[in-house]
A.B. asks: 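Have a look at the structure that comes next, please.
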Protein chains: 2
Amino acid sequence: MSVLEIARAVRAPRTAATAAGEVVLPLDTILQRDCIGAMRELPAASIDMIFADPPYNLQLGGDLNRPDGSHVDAVTDAWDKFDSLDAYDRFTRAWLAEAKRILKPNGTIWVIGSYHNIFKVGAAIQDLGYWILNDIIWRKANPMPNFKGTRFTNAHETLIWASMGEKARYTFNYRSMKTLNDELQMRSDWEFPICGGAERLKKDGHKVHPTQKPEALLYRILLACTKPGDVVLDPFFGTGTTGAVARRLGRRWIGIERESPYVAAAKERIAAALPLDESALTTMQSPKAAPRVAFGTIVETGMLVPGAVLMDAKRKYRVTVRADGSLLSDCGQVGSIHKLGASLQNAPACNGWTFWHYEAEGALKPIDALRQTYLLATQP
Amino acid sequence: MSVLEIARAVRAPRTAATAAGEVVLPLDTILQRDCIGAMRELPAASIDMIFADPPYNLQLGGDLNRPDGSHVDAVTDAWDKFDSLDAYDRFTRAWLAEAKRILKPNGTIWVIGSYHNIFKVGAAIQDLGYWILNDIIWRKANPMPNFKGTRFTNAHETLIWASMGEKARYTFNYRSMKTLNDELQMRSDWEFPICGGAERLKKDGHKVHPTQKPEALLYRILLACTKPGDVVLDPFFGTGTTGAVARRLGRRWIGIERESPYVAAAKERIAAALPLDESALTTMQSPKAAPRVAFGTIVETGMLVPGAVLMDAKRKYRVTVRADGSLLSDCGQVGSIHKLGASLQNAPACNGWTFWHYEAEGALKPIDALRQTYLLATQP
DNA sequence: CTGCGCACTGAATCAACAA
DNA sequence: TTTGTTGATTCAGTGCGCA
């Protein structure tokens, strides 16, 4: 039985359409298969984002005990065992290559790892022609101490964010991130507690998955780098953190996971995750998203009259508005609001909307205020 | 002429001796050669630690301007240019292999990089049989912003610390690190400001080297992973941060650097670096304020110099400050400001910040005044 | 002498679109 | 594919000049 047959068939959103017509993707579904095999049956160029939390290939020695004698419950599962560093390398390159095939040209991939595997992963990402956009540090607020006092406390994990190539476009909701970070640019180091408390899935008092990731981490990633309705694939789904957050944020998701106990836990968990309503999902938009307004339109509609005088905030430069929306300076120079602003300042570029001001009731206001007024009056 | 001939020949300390007898190393010297060639002429198994800050292979596009129109002075030097990712890979593996040959069996290597190169470096380190002990994040207190709003602010760099193999022993001064961090284990994420102000080397108003590293970073590394008298090699010496800090901390150093202007600046700088002298006070930067200030930070920033004498308000007890922020009493007891204060008084606990005083202009002031000064200087 | 404002700077893979 | 136009975009810190 193929992936597409066992999947709950859902018509893909328009963004998943290809030249061949509409594509059917197993949306909001867990494919209980091995990761590479399942990806192979997904159509090419159909996924907006991949978030991957692959096996870390931890090479742990014997048991580890805390100073008080208690036993540390380490990651000893079979899925984290590889015969050699070379075997891990081959596995990594195989799934990353498959991921590249199914990502859309403007898609991106996120991979999380620790020093045990992240360098192999990053090198493979570069060799496969992905283009790294950032590496992100998850600084753990409450990491496990180094009980033996032999090294620095391993207090972070590393994520790599990459696009499909050097020239590829990608989604980055800059304004959302800046807003989320109290009006400062979001940096490459993020602090979150490790996953615990009520969020940590448990069964019979034991954690269901040894490396469950905090939802806050996925929340930030999906908010930053996807749009509502985008399709997010997690090829190492585990207990479904990606699916739960995707559902909450109004994104579509596909999970791949081989182990039945994880699949069962993920299904139950995602069903309980309530989607945020649309108003809560609305995020700060970049001005880029607003339709373009030509300065000439402001003149045409009479918001500024030909002959009106504009000046910069310090009243250093004065120019006159002409009927076609061009500006004329005292010294006879002519140009668009941007070009003339740049030329007068001898700068490489200039945003005329914020540089030029008009006088209203004795005060100077940027002409961008007129553009905002125009947009408010004309937008639905 | 061989490296050993042109080098100032110095009898190596006992720690540099091998089974073949005493080895002659060009200690406390800069070898003006290409990195791999110079390493080739150094004897095998002779170096205690290598700190390497190799070219990052940045692949920058055109010019970049700030929002105010000013130009960003990027790293465009020839030494950072490689023909391809593959050429960079070969270069990396070549110098890392040579490094492994000259390191002692119990030696370690530190390499710093960014996402442009660190994954290639880390993968090569693993392939060459080194054993990664930690990856360390240098969280920059004041990184350059992302001016175009296209990605997350690139606010950190990554360091890899590796031993000679899985079973190899290595030096890690656990107590020093814990003391430096105010009795908490030192974590894998470190915060320092970028190198600027008085510490930044300048000539004719321009920075001498585009990527000078802060001394605080090297201070922590050398304090953590070497012993006094150990030999530290820096194959990408630049303007000699490693040499200056090594001299200050009583470690021997060897630098390899091809570019004459860097060599000249490094020589001058290291000559001016006085071993454990208060010269650190003016050259080192204050880390960003944290709610809690570690006493080690006061030492790291040079507000108190190793060797300084502290005493209680009644001058009953006298102790000496050590490089890692621990205190040494007359009777040989050692401990943190809190622990030693308690122990000397035979008390269950002691607030070291208010108990210990330093002498300034004939008067005694509590070291808490230094903490307050530090906080005032760093709090917004 | 202090405080304020302005200019300058740091390892950066830094735009999107239409003609 | 290339070229030109529009127009979006910055944080922490140092240092200097001036009131």
Side-chain angles (χ1 to χ4, degrees), chain A residues 126 130-135 162-163 165-167 169-170 172 174-175 178 181-188 286-290 292-296 314 325 335-339 341-342 348-356 367-368 371, chain B residues 53-77 79-80 82 85 88 112-118 138 140-158 193-200 202 205-207 209-214 238 285-286 288-289 377-378 380:
Chain A
Q126 290 183 306
Y130 289 100
W131 194 250
I132 297 180
L133 298 167
N134 277 117
D135 61 334
S163 70
E166 181 173 359
K167 304 294 182 191
R169 299 189 54 187
Y170 54 90
F172 179 56
Y174 175 76
R175 271 306 325 170
K178 188 163 176 178
N181 196 36
D182 208 15
E183 289 306 308
L184 285 181
Q185 285 191 339
M186 187 67 79
R187 302 168 36 118
S188 58
S286 164
K288 280 180 211 169
R292 179 174 292 198
V293 178
F295 180 64
K314 294 177 186 169
S336 71
I337 54 172
H338 313 296
K339 277 275 155 70
C350 169
N351 183 342
W353 289 108
T354 51
F355 180 71
W356 294 113
I367 57 177
D368 196 46
R371 178 169 63 162
Chain B
D53 181 11
Y56 287 9
N57 190 30
L58 300 184
Q59 293 162 58
L60 305 178
D63 279 3
L64 179 63
N65 293 304
R66 296 183 170 82
D68 67 4
S70 66
H71 184 254
V72 175
D73 184 17
V75 179
T76 54
D77 306 71
W79 50 254
D80 197 44
F82 293 83
L85 194 56
Y88 184 78
I112 184 169
S114 66
Y115 68 85
H116 309 85
N117 71 323
I118 199 66
W138 168 26
K140 298 182 184 182
N142 48 350
M144 184 156 68
N146 181 292
F147 296 117
K148 302 292 189 202
T150 56
R151 304 180 180 187
F152 299 98
T153 304
N154 193 10
H156 73 276
E157 294 192 22
T158 301
I194 59 178
C195 182
E199 186 186 333
R200 187 86 192 203
K202 296 199 173 172
H206 298 288
K207 54 190 175 193
H209 195 285
T211 71
Q212 187 183 337
K213 295 295 178 287
Q285 302 266 321
S286 303
K288 186 186 170 180
T378 53

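Since the structure is predicted, the reported quantities are computational estimates derived from the model, not experimental observations. Chain naming here is simple, since letters A, B, ... match the order of the sequence lines and numbering starts at 1 in each.
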A.B. asks: Whole-Å distance between C:dA12 C1' and A:Trp131 CH2?
C.D. replies: 12 Å
A.B. asks: Counting any heavy atom closer than 4.0 Å, what does A:Asp135 reach on the DNA or RNA strands: base, sugar-phosphate only, or nothing?
C.D. replies: nothing
A.B. asks: Would you say the side-chain atoms of A:His338 and A:Ser336 include a donor-acceptor pair closer than 3.5 Å?
C.D. replies: no
A.B. asks: Between D:dG7 and C:dA19, how far is it from one P atom to the other, in whole Å?
C.D. replies: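 My reading of the P atoms in D:dG7 and C:dA19 gives 14 Å.
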A.B. asks: D:dT14 C1' sits how many Å from B:Ile194 CD1, rounded?
C.D. replies: 11 Å
A.B. asks: Can you check the distance between C:dG10 and D:dA8, where both ends of the measurement are the C1' atom (answer in whole Å)?
C.D. replies: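 Those two atoms are separated by 22 Å.
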A.B. asks: Considering only C:dA11, D:dT10, C:dA12, which nucleotide approaches the side chain of B:Leu58 most closely?
C.D. replies: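 So the side chain of B:Leu58 is nearest to C:dA11.
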A.B. asks: For D:dG7, does OP1 or OP2 lie under 4.0 Å from any side-chain N or O of A:His338?
C.D. replies: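 True: A:His338 side-chain N/O within range (under 4.0 Å) of D:dG7 OP1/OP2.
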A.B. asks: Closest to the A:Arg169 side chain: C:dA16, C:dA12, C:dA11?
C.D. replies: C:dA16
A.B. asks: Establish whether the base of C:dA11 is bridged to the side chain of B:Lys213 by a donor-acceptor pair shorter than 3.5 Å.
C.D. replies: yes
A.B. asks: Please determine, for the side chain of B:Asn142, which listed nucleotide (D:dT9, C:dA11, D:dG13) has the closest atom?
C.D. replies: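 In terms of side-chain proximity for B:Asn142, the closest of D:dT9, C:dA11, D:dG13 is D:dG13.
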A.B. asks: Which part of the nucleic acid, if any, lies within reach of A:Gly341 when heavy atoms closer than 4.0 Å are counted: base, sugar-phosphate only, or nothing?
C.D. replies: nothing
A.B. asks: Counting only side-chain heavy atoms from C-beta out, which of D:dG7, C:dG10, C:dA11 sits nearest to B:Asp73?
C.D. replies: C:dG10
A.B. asks: Taking only side-chain nitrogens and oxygens of A:Lys178, does any of them come within less than 4.0 Å of OP1 or OP2 of D:dT10?
C.D. replies: yes
A.B. asks: Under 4.0 Å, counting only non-hydrogen atoms across every strand here, what does A:Ala349 touch: a base, just sugar-phosphate, or nothing?
C.D. replies: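 Touches a base.
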A.B. asks: To the nearest 0.5 Å, what is the distance between OG on B:Ser70 and CZ on B:Phe147?
C.D. replies: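 Rounded to the nearest 0.5 Å, the OG-CZ separation comes to 7.0 Å.
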A.B. asks: To the nearest Å, how far apart are B:His209 NE2 and C:dT9 P?
C.D. replies: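 My rounded result for the distance is 18 Å.
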A.B. asks: Rounded to the nearest 0.5 Å, what separation is found between the CG atom of B:Asp73 and the CG atom of B:Leu64?
C.D. replies: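 Rounded to the nearest 0.5 Å, the CG-CG separation comes out at 11.5 Å.
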A.B. asks: Side chain of B:Pro145, heavy atoms from C-beta onward: which of D:dT10, C:dT9, D:dG7 has the nearest atom to it?
C.D. replies: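 That would be D:dT10.
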A.B. asks: Ignoring the backbone of A:Arg292, work out which of D:dG7, C:dC14, C:dA11 is nearest its side chain.
C.D. replies: D:dG7
A.B. asks: State which of D:dT10, D:dG7, D:dT9 makes the closest approach to the side chain of B:Lys148.
C.D. replies: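 Within the option list, the nearest is D:dT9.
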A.B. asks: Counting Watson-Crick and G-U wobble pairs only, both distances under 3.5 Å, name the nucleotide matched with D:dC16, or none.
C.D. replies: C:dG5
A.B. asks: Among D:dT5, C:dA11, C:dC14, find the nucleotide with the atom closest to the side chain of B:Arg151.
C.D. replies: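 In terms of side-chain proximity for B:Arg151, the closest of D:dT5, C:dA11, C:dC14 is C:dC14.
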A.B. asks: With sugar-phosphate meaning primed atoms plus P, OP1 and OP2, does B:Ser114 contact a base, only sugar-phosphate, or nothing at under 4.0 Å between heavy atoms?
C.D. replies: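 Result for B:Ser114 = nothing.
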A.B. asks: Could you check whether A:Leu184 gets within reach of a base, just the sugar-phosphate, or nothing at all, counting any heavy atom under 4.0 Å?
C.D. replies: sugar-phosphate
A.B. asks: So which heavy atom on B:Asp53 is nearest to which on B:Ile112, and how close?
C.D. replies: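 Minimum heavy-atom separation between B:Asp53 and B:Ile112: OD1-CG2, 3.3 Å.
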A.B. asks: Whole angstroms only, please: what is the CG-P distance between B:Asp68 and C:dA7?
C.D. replies: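 That distance rounds to 9 Å.
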A.B. asks: Determine the Euclidean distance between corresponding P atoms of D:dT5 and C:dA12; express it in Å to zero decimal places.
C.D. replies: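 It comes out at 31 Å once rounded to the nearest Å.
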A.B. asks: Taking for each residue the nucleotide of DNA chain D bearing the nearest heavy atom, is the 5' side occupied by A:Phe295 or by B:Pro143?
C.D. replies: A:Phe295
A.B. asks: Hey, which of these two, B:Met144 or A:Trp353, hits DNA chain D nearer its 5' end, going by closest nucleotide?
C.D. replies: A:Trp353
A.B. asks: Take the protein atom OH of A:Tyr174 and the nucleotide atom C1' of D:dA8, then report the distance between them rounded to whole Å.
C.D. replies: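 After rounding, the gap between these two atoms is 10 Å.
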A.B. asks: From the options C:dT9, D:dA8, C:dG10, select the nucleotide whose nearest atom is closest to the side chain of B:Lys207.
C.D. replies: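 Selected nucleotide (nearest to the side chain): C:dG10.
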A.B. asks: For A:Arg187, answer base if it contacts any base atom (sugar-phosphate contacts may also be present), sugar-phosphate if it contacts only those atoms, and nothing otherwise; contact means non-hydrogen atoms under 4.0 Å.
C.D. replies: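 No contact.
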A.B. asks: Which part of the nucleic acid, if any, lies within reach of B:Pro54 when heavy atoms closer than 4.0 Å are counted: base, sugar-phosphate only, or nothing?
C.D. replies: base
A.B. asks: Looking for any heavy atom pair under 4.0 Å, which part of the strands does B:Asn154 touch: base, sugar-phosphate only, or nothing?
C.D. replies: sugar-phosphate
A.B. asks: Searching all strands shown, indicate the nucleotide that pairs with D:dA8 (Watson-Crick or G-U wobble; both distances under 3.5 Å).
C.D. replies: none
A.B. asks: What's the separation between atom NZ in B:Lys213 and atom CH2 in B:Trp138, rounded to the nearest 0.5 Å?
C.D. replies: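 CH2 of B:Trp138 is found 6.0 Å from NZ of B:Lys213.
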A.B. asks: Sort out the partner of C:dC14 for me: Watson-Crick or G-U wobble, both distances under 3.5 Å, none otherwise.
C.D. replies: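 WC or wobble partner does not exist here.
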A.B. asks: Is A:Ser336 touching bases, backbone alone, or none of the nucleic acid, heavy atoms closer than 4.0 Å?
C.D. replies: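 Sugar-phosphate contact only - A:Ser336 comes under 4.0 Å of backbone atoms but never of a base.
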A.B. asks: Rounding to the closest angstrom, what is the interatomic distance between D:dA19 and C:dC1 at atom C1'?
C.D. replies: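 Taking atom C1' in both D:dA19 and C:dC1, they lie 12 Å apart.
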A.B. asks: Classify the nucleic acid contact of B:Asn65 as base, sugar-phosphate or nothing, counting any heavy atom under 4.0 Å across all strands shown.
C.D. replies: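 Nothing, no nucleic acid heavy atom in range.
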A.B. asks: Rounded to whole angstrom, note down the C1' distance from C:dA11 over to D:dG15.
C.D. replies: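 My reading of the C1' atoms in C:dA11 and D:dG15 gives 23 Å.
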A.B. asks: Enter the distance from A:Ile132:CD1 to B:His116:NE2 here, rounded to the nearest 0.5 Å.
C.D. replies: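 It is 8.5 Å, given to the nearest 0.5 Å.
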A.B. asks: Do any side-chain nitrogens or oxygens of A:Lys339 fall under 4.0 Å of OP1 or OP2 in D:dT5?
C.D. replies: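 For A:Lys339, the contact criterion (side-chain N or O under 4.0 Å from OP1 or OP2 of D:dT5) is met.
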A.B. asks: Please state how far atom NE2 in B:His71 lies from atom C1' in C:dA7, giving the value in whole angstrom units.
C.D. replies: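 That distance rounds to 17 Å.
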A.B. asks: Choosing from D:dG7, C:dA11, C:dT9, which nucleotide comes nearest the side chain of B:Arg66?
C.D. replies: C:dT9
